[in-house]
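Worksheet: the structure to be examined is printed underneath.
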Amino acid sequence: MTAALDAERPALRGLAYRMLGSVSDAEDAVQEAFVRWVRLTDAQRGEVDNPGAWMMRVTSRICLDMLGSARARRETYVGPWLPEPLPTVASATSTVDPQERVTLDDSVSMALQVVLDTLTPAERVAFVLHDVFELPFAQVADTVGRSVAASRQLASSARRKVRARTRDAAPRERHDAVAAAFAASTGTGDFEALVALLDPEVTLTSDGGGKVSAARRPVHGAANVARFILGVLTQRPQVTVDPITTADGLGFVVSEDGVVDTVMVLGVRGERVSDVWLMRNPDKLTSWR
């Protein structure tokens, strides 16, 4: 039975990542679920009609608990916290089996993960289980410990918040065109061209986790963001910037001596860049190395 459940690990990791926004935390959640399965007596395991569904429910409950404690941990986190960006099979430099990676689709985009991080733990779990994994509300209710009606309300509230923050996102083709123009202007150091591509209210968020240099607070405004980006590139002329495919669309990896030290993901609304997310925390870049 344990061997059969091992085949569920990739799906469980995908579930846990969408709830937690961290690959390492997702691994921990799934591993804890397996530990709980092993600790059951033979009689208790015999009472489980669907071990896969049992694992999904237990993993979700573990994630619910972890989300609650994560909020307390982030109060001491150095600088802004961002979800961990994921590489595609083509862009990944690691030797991890592609089947072991979280499926890269819209539900793991940085834009969505950032919004999900603003939800309450119960809202996030309900949204992921129902809207992403299409579980019926009866199962959602059993997982979050609420009534079916309350679970519907949780998912509905989460859905409204997600739509409010993502409804203006540019379609993929337009996103990539704006991202390419963004790369061209930063590559030539054209300040005016870069400012023109940035939304006046653009926000740049950099996650260094206190382990590497990064902006301790979000940078707001087109001129400020343009100065920040061009200033960093001017200070580090030896780095290389290469395009990558992300769940959000065209993004970029910054490398030095062949080692990825920054992953840049862009949010695009209309014709301009609305968000720049920089992941610099080395603990969140292991999938890229």
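Residues take their numbers from the sequence shown, with the count starting at 1. This structure is a prediction, so every number in the text was calculated from the model and none was measured.
- Using a 4.5 Å heavy-atom cutoff, the side chains of Met264 and Phe182 are in contact.
- Among all heavy-atom pairs drawn from Leu67 and Pro121, the shortest one is CB-CB, 3.7 Å.
- Hydrophobic clustering (ILVMFWY, side-chain heavy atoms < 4.5 Å, transitive): Val265 and Val219 are in distinct clusters.
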Exercise. Mind running side chain to side chain contact (heavy atoms under 4.5 Å, CB included) on Val276 and Leu266 for me, showing each step along the way?
Key: CA-CA 5 Å; Val276 180; Leu266 303 178; 3.9 Å; yes
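- In this structure, CG on Asp207 lies 5.0 Å from CG on Leu82, to the nearest 0.5 angstrom.
- The structure places NZ of Lys161 at 12.5 Å from CZ of Arg124, a figure rounded to the nearest 0.5 Å.
- Side-chain contact between Met279 and Trp288 is absent, with no heavy atoms from C-beta onward closer than 4.5 Å.
- For Leu15 against Ser60, the heavy-atom pair with the smallest separation is CD2-OG, 3.5 Å.
- Looking at His130, Arg159, Glu123 one by one, the single match for side-chain contact (heavy atoms from CB on, under 4.5 Å) with Leu154 turns out to be Glu123.
- At least one side-chain heavy atom of Arg74 sits under 4.5 Å from a side-chain heavy atom of Asp117.
- Taking the side chain as every heavy atom from C-beta outward, Arg13 and Gln31 never approach each other to under 4.5 Å.
- The two residues Gly209 and Tyr77 come nearest to each other via the heavy atoms CA-OH, 3.4 Å.
- The shortest non-hydrogen separation linking Val38 to Arg45 is O-NH1, 3.1 Å.
- Closest non-hydrogen pair, Pro80 versus Thr205, comes out as CB-CG2, 3.5 Å.
- Note that the CG atom of Leu129 and the CD atom of Glu134 stand 12.0 Å from one another [nearest 0.5 Å].
- Under a hydrophobic-cluster definition in which Ile, Leu, Val, Met, Phe, Trp and Tyr are linked whenever side-chain heavy atoms come within less than 4.5 Å, directly or via other members, Val128 and Val58 are assigned to the same cluster.
- Linking ILVMFWY residues whenever their side-chain heavy atoms come closer than 4.5 Å, directly or via other members, places Met66 and Phe34 in the same cluster.
- The closest side-chain heavy-atom distance from Phe252 to Thr186 is not below 4.5 Å.
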Practice problem: Take Glu271 and Arg174, measure what side chain to side chain contact (heavy atoms under 4.5 Å, CB included) needs, and give me the verdict at the end. | Solution: CA-CA 7 Å; Glu271 304 292 321; Arg174 188 59 201 156; 2.3 Å; yes
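- Residues Trp54 and Glu47 form no side-chain contact, since every pair of their non-hydrogen atoms from C-beta on lies 4.5 Å or further apart.
- Ser22 contributes atom OG, which lies 9.5 Å from atom CG of Asp283 (distance to the nearest 0.5 angstrom).
- In this structure, OG1 in Thr188 is found 9.0 Å from CG in Leu194, a value given to the nearest 0.5 Å.
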Exercise. List the steps and the verdict of salt bridge (Lys or Arg N to Asp or Glu O under 4.0 Å) for Asp199 and Arg269.
Key: CA-CA 8 Å; Asp199 186 282; Arg269 293 181 182 176; over 6 Å; no
Quiz item: Passes salt bridge (Lys or Arg N to Asp or Glu O under 4.0 Å), Asp261 versus Arg236? Steps please.
Solution: CA-CA 12 Å; Asp261 73 10; Arg236 304 180 66 198; 2.3 Å; yes
Quiz item: Between Leu278 and Val232, does a side chain to side chain contact (heavy atoms under 4.5 Å, CB included) hold up when you go through it step by step?
Solution: CA-CA 12 Å; Leu278 302 177; Val232 169; over 6 Å; no
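- Contact record, Leu5 with Met55: CD2-CG, 3.8 Å, taken as the closest heavy-atom pair.
- In the hydrophobic cluster analysis, where Ile, Leu, Val, Met, Phe, Trp and Tyr join through side-chain heavy atoms closer than 4.5 angstrom, Val162 is grouped together with Phe133.
- Side-chain contact between Thr246 and Pro85 is absent, with no heavy atoms from C-beta onward closer than 4.5 Å.
- Connection of Val241 to Val253 is not established within any shared hydrophobic cluster, with ILVMFWY side chains joined at heavy-atom distances below 4.5 Å, either directly or through further cluster members.
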Exercise. Let me see the working for Ser255 and Val260 under side chain to side chain contact (heavy atoms under 4.5 Å, CB included), right down to the final yes or no.
Key: CA-CA 4 Å; Ser255 306; Val260 174; 3.6 Å; yes
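- One finds no salt bridge joining Arg165 and Asp275 here, because no Lys/Arg side-chain nitrogen approaches an Asp/Glu carboxylate oxygen to under 4.0 Å.
- Atoms OG1 and CZ, from Thr59 and Arg9 in turn, are 9.5 Å apart once rounded to the nearest 0.5 Å.
- Counting only N and O atoms by type, the side chains of Arg280 and Thr262 include a donor and acceptor under 3.5 Å apart.
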